[in-house]
A.B. asks: 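First, the structure itself, so that you have it in front of you.
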Amino acid sequence: MKPLSLLTRDQVAEMAIAILRATHDGDTLAPQHLKLVELAVNNRLDEAGITLFQALYDNATKREGYTAPFLFGIEHLTIDQNGVIRWRSTVVEHFDHAVWRTPGWRQRMRTAAEEVASRCRALEAKGLQPTARLLLHSD
């Protein structure tokens, strides 16, 4: 594939459309990946961003489908554009971003994510499939 800087705006747009189509109109994209698509379409990527966009295109359009990054690197935990938290693709929690966007929000969100993951692991250790309902009542 040609470097993004050598692609036409139409080619960049086609790549963005392919990413969005492969991810249900972007609904399953991680928030940082949706932002990356926006920046690419608006021609606002630096060299590092170009490399990330090309990797995202490859990820989203691969035969197996898009692989979302883990939330804070916590294995099996992902978040979507609406704050829906999934454990191994099953909805287990929702984070309201408006609440988090105050000083210290990132650390609070990380701590909450680690707690969700810990509770999911505990349920799995009992032989249960973690769900939002089970997580709510797993104290």
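Positions are given from 1, in the same order as the sequence printed here.
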A.B. asks: Measuring from atom CD1 of I17 to atom CG of D25, what distance do you get when rounded to the nearest 0.5 angstrom?
C.D. replies: 11.0 Å

A.B. asks: Is the closest side-chain heavy-atom distance between L71 and T78 below 4.5 Å?
C.D. replies: no

A.B. asks: Between R121 and E124, does at least one N-O distance fall below 4.0 Å, as a salt bridge requires?
C.D. replies: no

A.B. asks: Under 3.5 Å, is there a donor-acceptor pair between the side chain of S118 and the main chain of E114?
C.D. replies: no

A.B. asks: Just how far is it from atom CD of Q81 to atom NZ of K35, taken to the nearest 0.5 Å?
C.D. replies: 11.0 Å

A.B. asks: Is it true that a side-chain atom of R9 and a backbone atom of V41 form a donor plus acceptor pair closer than 3.5 Å?
C.D. replies: yes

A.B. asks: If you group Ile, Leu, Val, Met, Phe, Trp and Tyr by side-chain heavy-atom gaps below 4.5 Å, do F70 and Y66 land in one group?
C.D. replies: no

A.B. asks: At what distance, to the nearest 0.5 angstrom, does CG of L134 lie from CD of Q129?
C.D. replies: 9.0 Å

A.B. asks: Once rounded to the nearest 0.5 Å, what's the spacing between atom CZ of R44 and atom CD of E38?
C.D. replies: 9.0 Å

A.B. asks: Please answer whether the main-chain N or O of A132 pairs with a side-chain N or O of E93 as donor and acceptor at a distance below 3.5 Å.
C.D. replies: no

A.B. asks: Give a yes or no on whether R21 atom CZ has more than 12 heavy-atom contacts from other residues, nucleotides or ligands under 6.0 Å away.
C.D. replies: no

A.B. asks: Measuring from atom OG1 of T67 to atom NZ of K62, what distance do you get when rounded to the nearest 0.5 angstrom?
C.D. replies: 3.0 Å

A.B. asks: Without swapping roles, check the side chain of Y57 against the backbone of V12 for a donor-acceptor pair under 3.5 Å.
C.D. replies: no

A.B. asks: Keeping the roles fixed (side chain from K126, backbone from L123), state whether a donor-acceptor pair exists under 3.5 Å.
C.D. replies: no

A.B. asks: Is a side-chain donor or acceptor of R108 paired with a backbone partner of P103 at a separation under 3.5 angstrom?
C.D. replies: yes

A.B. asks: Is it true that I50 and V37 fall in one hydrophobic cluster, defined by side-chain heavy atoms closer than 4.5 Å?
C.D. replies: yes

A.B. asks: Does any part of the side chain of L77, heavy atoms only, come nearer than 4.5 Å to the side chain of F72, both counted from C-beta?
C.D. replies: no

A.B. asks: Give the minimum heavy-atom separation between A113 and F95, together with the two atoms involved.
C.D. replies: N-CZ, 3.8 Å

A.B. asks: Give me the atom names and distance for the closest heavy-atom approach of L135 to R119.
C.D. replies: O-NH2, 2.5 Å

A.B. asks: Starting at OG1 of T90, measure out to CD1 of I85 and round the result to the nearest 0.5 Å.
C.D. replies: 13.5 Å

A.B. asks: Specify the closest pair of heavy atoms between W87 and P130, including all atoms of both residues, with the distance to one decimal.
C.D. replies: CD1-CG, 3.7 Å

A.B. asks: Ignoring hydrogens and geometry, is there a side-chain-to-backbone donor-acceptor pair from H33 to T28 under 3.5 Å?
C.D. replies: no

A.B. asks: Give me the one residue out of D80, L34, L36 that meets side chain to side chain contact (heavy atoms under 4.5 Å, CB included) with L29.
C.D. replies: L34

A.B. asks: Is there a side-chain contact between E115 and T111 (heavy atoms, below 4.5 Å)?
C.D. replies: no

